[in-house]
Every structure is written in C-alpha cells, then in structure tokens.
Amino acid sequence: MHPDPASELVAILDDDGHRCGVATRAEMRRRNLLHGATAILVRRGDGMIYVHRRTTTKDIYPGAFDCWAGGVLLDGESADDGARRELAEELGVGPVPLRPLLVTRWRDESVQAVYYVYDVTWDGPIVHQADEVAWGAWWSARTLAERLADPDFPFVPDGRHLAELVGVLAPSG
C-alpha cells in the first residue's frame, strides 16, 4: 500500500526556482504553489511512444491522456532520483539511463511547476500503477501528433506543451 500522496512533503520554489519552503502535496495543490516535477517520455527502440490515460482519481487532469510519466518531486529529492522513482512506480520501467532534454516552467489554473524533462528508451514490459494509470498503449509519433492536433482530444495541457517544446511531434513515424 502506498502512503497517502496528499500528505507527502514537497519542496516549494521561489520565482527563481530555488527551494524556499516545504508543504504537503495537498497544500501545494490547494494553493497552486510552484514546485519541482519530472516528465519522462518513454520510447521503444523502434521509436513508438508510450501513451497512457490517467485515472479519474488523479489530483490534476483526471482521466486525460498523457505521453509523459512523471510527477511531483518530493522534498530533498533530486530530479534524476524523482524521474527514476516515477518511472518505476507508474510504469514499472527501470533501471534505465535517463537522457535530460530540458528544464522549463509551466503554469495554468491547476498547476505551476519547474519541469525536469527526460526521455528514455525501454523495450521491456510496462506495468501500470493502478492508482495512477487506467490504460496505456504504444503510439507512433504520427498518431500522437494527429490526436494532439485535435483541440477536443482530452490530453493533459502541460504534456501537450512539453511535446511541442521537445519536438516529440516531429514527423518521424
């Protein structure tokens, strides 16, 4: 059994991205405080991208599709360690080398975070964490691009933004 995610301690960041405090995940969400997060794109060796649908019980963007594994960094956790933890927890991926892509900031009415963005290559099995992932499949970049071109397709907004930033949707497959 996983501990209650709402009670996890999260480092709160100032406008320069430096730790300035700590809060529970529940307080961070309620007040939409700036925090660190990871986002990891999982590709197979043949270039297919793993896309999943979030459970309807997720605290932000419930039920939406996403091509990024990842999540909130815990207080004192490095981005690399958080990325490895999230890959293992959400998708059963790892250990696997992380390839850093960029660090960027995102904000909307639901979340504001400094995202540490990675990609990995994984040809092993995917094992969903039932509390977080309702469904998943390997998609080509072309299929993902077609879905994201539809503004009514229920895709997480931060993930859509990150896909554009890192060029996930470049016509390669």
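This is a predicted model, so every value here is computed, not measured.
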Problem - Q129 side chain to L91 backbone, donor-acceptor under 3.5 Å - result: no

For [X], enumerate each residue passing the salt bridge (charged side-chain N to carboxylate O under 4.0 Å, His left out) test, keeping only those at least two apart in sequence or located in another chain.
| X | answer |
| --- | --- |
| D14 | none |
| D152 | none |
| R107 | none |

Completion exercise
Using a 4.5 Å side-chain heavy-atom cut-off and chaining through intermediate ILVMFWY residues, the residues clustered with V22 come out as L9

Handout entry: ring pair (Phe, Tyr, Trp, His ring centres under 6.0 Å) contacts touching residues 105-126 (sequence neighbours left out)
Key = W106-H161

Exercise for the section: Kindly state each residue pair satisfying ring pair (Phe, Tyr, Trp, His ring centres under 6.0 Å) with at least one member in residues 19-49, sequence neighbours excluded. Expected result: none

Only distances under 3.5 Å count here; give the side-chain donor-acceptor pairs of residues 94-101 to other protein atoms, sequence neighbours excluded, each with its distance to 0.1 Å.
residue: R99; atom: NE; partner: D119; partner atom: OD1; Å: 2.8
residue: R99; atom: NH2; partner: D119; partner atom: OD2; Å: 3.0

Looking at every heavy atom in both [X] and [Y], which two are closest together, and how far apart are they?
| X | Y | value |
| --- | --- | --- |
| T38 | A83 | CG2-N, 3.7 Å |
| D15 | R105 | O-NH1, 3.3 Å |
| V42 | L87 | CG2-CD2, 3.7 Å |
| G45 | D123 | N-OD1, 2.8 Å |
| G82 | L73 | CA-CD2, 3.7 Å |
| A163 | L148 | CB-CD1, 4.2 Å |

Restricting to side chain to side chain contact (heavy atoms under 4.5 Å, CB included), what partner residues turn up for [X], sequence neighbours left out?
| X | answer |
| --- | --- |
| D46 | R44, M48 |
| A134 | T55 |
| R147 | W139, T143, F153 |
| L74 | E8, E77, R85 |

Handout entry: Lys/Arg-Asp/Glu bridge criterion (N-O < 4.0 Å) met for E146, R142
Key = no

Side-chain heavy atoms under 4.5 angstrom apart, residues restricted to Ile, Leu, Val, Met, Phe, Trp, Tyr: same cluster for [X] and [Y]?
| X | Y | answer |
| --- | --- | --- |
| V120 | L41 | no |
| V103 | V72 | no |
| V133 | V156 | no |
| L102 | V114 | no |
| W68 | L165 | yes |

Handout entry: Side chain to side chain, F155 and C67, heavy atoms closer than 4.5 Å
Key = yes

Handout entry: Side-chain heavy atoms of T57 within contact of D131, under 4.5 Å
Key = no

Practice task
Apply the test side-chain contact (heavy atoms from CB on, under 4.5 Å) to residues W138 and V51: give CA-CA distance (whole Å), side-chain angles for both, the deciding distance (0.1 Å), then the verdict.
Solution key: CA-CA 6 Å; W138 295 101; V51 177; over 6 Å; no

Could you grab the distance from atom [atom1] of [X] to atom [atom2] of [Y], nearest 0.5 Å is fine?
| X | Y | atom1 | atom2 | answer |
| --- | --- | --- | --- | --- |
| D158 | S110 | CG | OG | 9.0 Å |
| D59 | R25 | CG | CZ | 5.5 Å |
| R54 | E132 | CZ | CD | 7.5 Å |

Problem - Full working for side-chain contact (heavy atoms from CB on, under 4.5 Å) between L13 and H18 - result: CA-CA 5 Å; L13 307 178; H18 300 111; over 6 Å; no

Practice task
State, without any angle test, whether Y50 and D66 hold a side-chain donor-acceptor pair at a distance under 3.5 Å.
Solution key: no

Completion exercise
Residue set satisfying side chain to side chain donor-acceptor pair (under 3.5 Å) with R19, at least two apart, ordered chain then number -> D75

Exercise for the section: Run the numbers on Q112 and L33 for side-chain contact (heavy atoms from CB on, under 4.5 Å), then give the verdict. Expected result: CA-CA 7 Å; Q112 66 167 329; L33 299 172; 5.5 Å; no

Exercise for the section: Start with the C-alpha gap between L144 and F65, add the side-chain angles, then the distance that decides, and say whether side-chain contact (heavy atoms from CB on, under 4.5 Å) holds. Expected result: CA-CA 10 Å; L144 182 56; F65 287 84; over 6 Å; no

